[in-house]
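First comes the structure, then the notes that go with it.
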Amino acid sequence: MYILNITTNIANEVELKWLEWMQQTFIPAMLATKKFNKALLTKVQIEEEMGGITYSTQYFALHKKDIEAFYQENQNAILTKHTKFKGMYVDFSTELEVINQFFENAN
């Protein structure tokens with residue numbers, strides 16, 4: 001399994017609108033590409049010196065080729081959706097490979 005992790009720092013004044021938009025528009029659009037089978041939206045528990053609120057959105061793919069196909073086939077169209085908040089955020093992406101998963105033994 002592979003994860004496309006996008007970490008975003010969003011300006012305080014648009015945080016709630018951005019968060020709603022992410023959950024109702026952007027994440028569903030990412031999943032609609034059929035390159036990812038799950039998404040996880042988390043708030044990073046850090047106080048940024050530069051201000052803003054930081055979130056991490058993780059998109060899960062079964063194969064690395066799914067992420068590569070996303071870059072080739074969908075990324076440009078998806079990124080145009082993010083122009084709604086142009087100048088109000090900074091972000092960066094990281095690709096992760098899941099080596100193993102561990103769960104608490106539930107008895």
Side-chain angles (χ1 to χ4, degrees):
M1 181 176 296
Y2 291 83
I3 301 169
L4 174 60
N5 178 75
I6 303 174
T7 303
T8 306
N9 179 275
I10 187 76
N12 293 49
E13 61 270 15
V14 295
E15 177 198 9
L16 295 179
K17 286 184 181 182
W18 177 85
L19 195 55
E20 180 180 331
W21 175 81
M22 281 292 289
Q23 294 176 82
Q24 293 180 1
T25 304
F26 193 80
I27 292 172
M30 289 287 285
L31 294 174
T33 68
K34 305 293 186 200
K35 306 301 189 297
F36 308 101
N37 61 4
K38 179 173 99 171
L40 180 66
L41 177 61
T42 62
K43 186 174 185 180
V44 179
Q45 298 297 292
I46 187 170
E47 192 169 319
E48 291 287 348
E49 289 181 22
M50 65 187 227
I53 308 295
T54 302
Y55 288 88
S56 170
T57 312
Q58 298 181 344
Y59 302 95
F60 293 76
L62 294 178
H63 308 282
K64 184 166 177 55
K65 68 179 181 171
D66 296 325
I67 294 175
E68 292 167 354
F70 166 76
Y71 288 141
Q72 292 178 356
E73 300 168 14
N74 309 103
Q75 183 180 28
N76 288 338
I78 290 287
L79 289 180
T80 61
K81 295 181 185 302
H82 224 264
T83 59
K84 176 178 181 140
F85 295 95
K86 188 175 182 174
M88 294 180 254
Y89 73 94
V90 294
D91 67 359
F92 67 90
S93 300
T94 309
E95 291 178 28
L96 309 168
E97 178 183 5
V98 176
I99 303 302
N100 203 344
Q101 295 185 69
F102 301 88
F103 298 93
E104 179 182 11
N105 186 8
N107 290 330

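Position 1 is the first residue of the sequence; numbering continues from there.
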Does the side chain of Glu95 reach to within under 4.5 Å of the side chain of Asn5, using non-hydrogen atoms?
no
Measuring from atom CZ of Phe85 to atom CE of Met22, what distance do you get when rounded to the nearest 0.5 angstrom?
9.5 Å
Ile67 to Ala61 - nearest heavy-atom pair and separation
CG1-CB, 3.9 Å
Starting from Ile6, can I reach Phe92 by hopping between I/L/V/M/F/W/Y residues whose side chains sit under 4.5 Å apart?
no
Working to the nearest 0.5 Å, report the span between CD of Gln72 and NZ of Lys65.
12.5 Å
Apply side chain to side chain contact (heavy atoms under 4.5 Å, CB included) to residues Val90 and Met50 and explain how you reach the verdict.
CA-CA 11 Å; Val90 294; Met50 65 187 227; 3.5 Å; yes
For a side chain to side chain contact (heavy atoms under 4.5 Å, CB included) check, start with the C-alpha distance between Tyr59 and Leu40, then their side-chain angles and the critical distance, and finish with the verdict.
CA-CA 7 Å; Tyr59 302 95; Leu40 180 66; over 6 Å; no
Taking the side chain as C-beta and beyond, is there a heavy-atom pair between Asn37 and Leu62 under 4.5 Å?
yes
Hydrophobic side-chain clustering at under 4.5 Å (ILVMFWY, transitive links): who's grouped with Ile46? Put none if nobody.
Val44
Would you sort out whether Lys43 and Thr54 count as a side chain to side chain contact (heavy atoms under 4.5 Å, CB included), showing the intermediate values?
CA-CA 6 Å; Lys43 186 174 185 180; Thr54 302; over 6 Å; no
Side chain to side chain, Phe60 and Tyr2, heavy atoms closer than 4.5 Å
no
Can you tell me how far apart NZ (Lys64) and CG (Leu4) are? Round to the nearest 0.5 Å.
10.0 Å
Is the shortest side-chain heavy-atom distance between Met30 and Ile78 below 4.5 Å?
yes
Using a distance-only test with no angle check, is there a side-chain donor-acceptor pair under 3.5 angstrom linking Glu15 and Tyr89?
no
Glu47 CD: over 12 foreign heavy atoms closer than 6.0 Å:
no
May I ask whether Leu96 and Tyr55 are part of the same hydrophobic cluster, defined by side-chain heavy atoms of I, L, V, M, F, W, Y residues being less than 4.5 angstrom apart, directly or through others?
no
Roughly how far apart are Ile3 CD1 and Ser56 OG, rounded to 0.5 Å?
9.0 Å
Qualifying salt bridge (Lys or Arg N to Asp or Glu O under 4.0 Å) pairs, either residue in residues 19-41, two or more places apart
Lys35-Glu73
Which value, rounded to the nearest 0.5 Å, describes the distance between Ile53 atom CD1 and Asn9 atom CG?
7.5 Å
Under 3.5 Å, is there a donor-acceptor pair between the Thr7 and Asp91 side chains?
no
Between Glu97 and Ile99, does the side chain to side chain contact (heavy atoms under 4.5 Å, CB included) criterion hold? Intermediate values first, please.
CA-CA 6 Å; Glu97 178 183 5; Ile99 303 302; 4.2 Å; yes
What about Leu16 and Ile27, same hydrophobic cluster or not, with Ile/Leu/Val/Met/Phe/Trp/Tyr joined at side-chain heavy-atom distances under 4.5 Å?
no
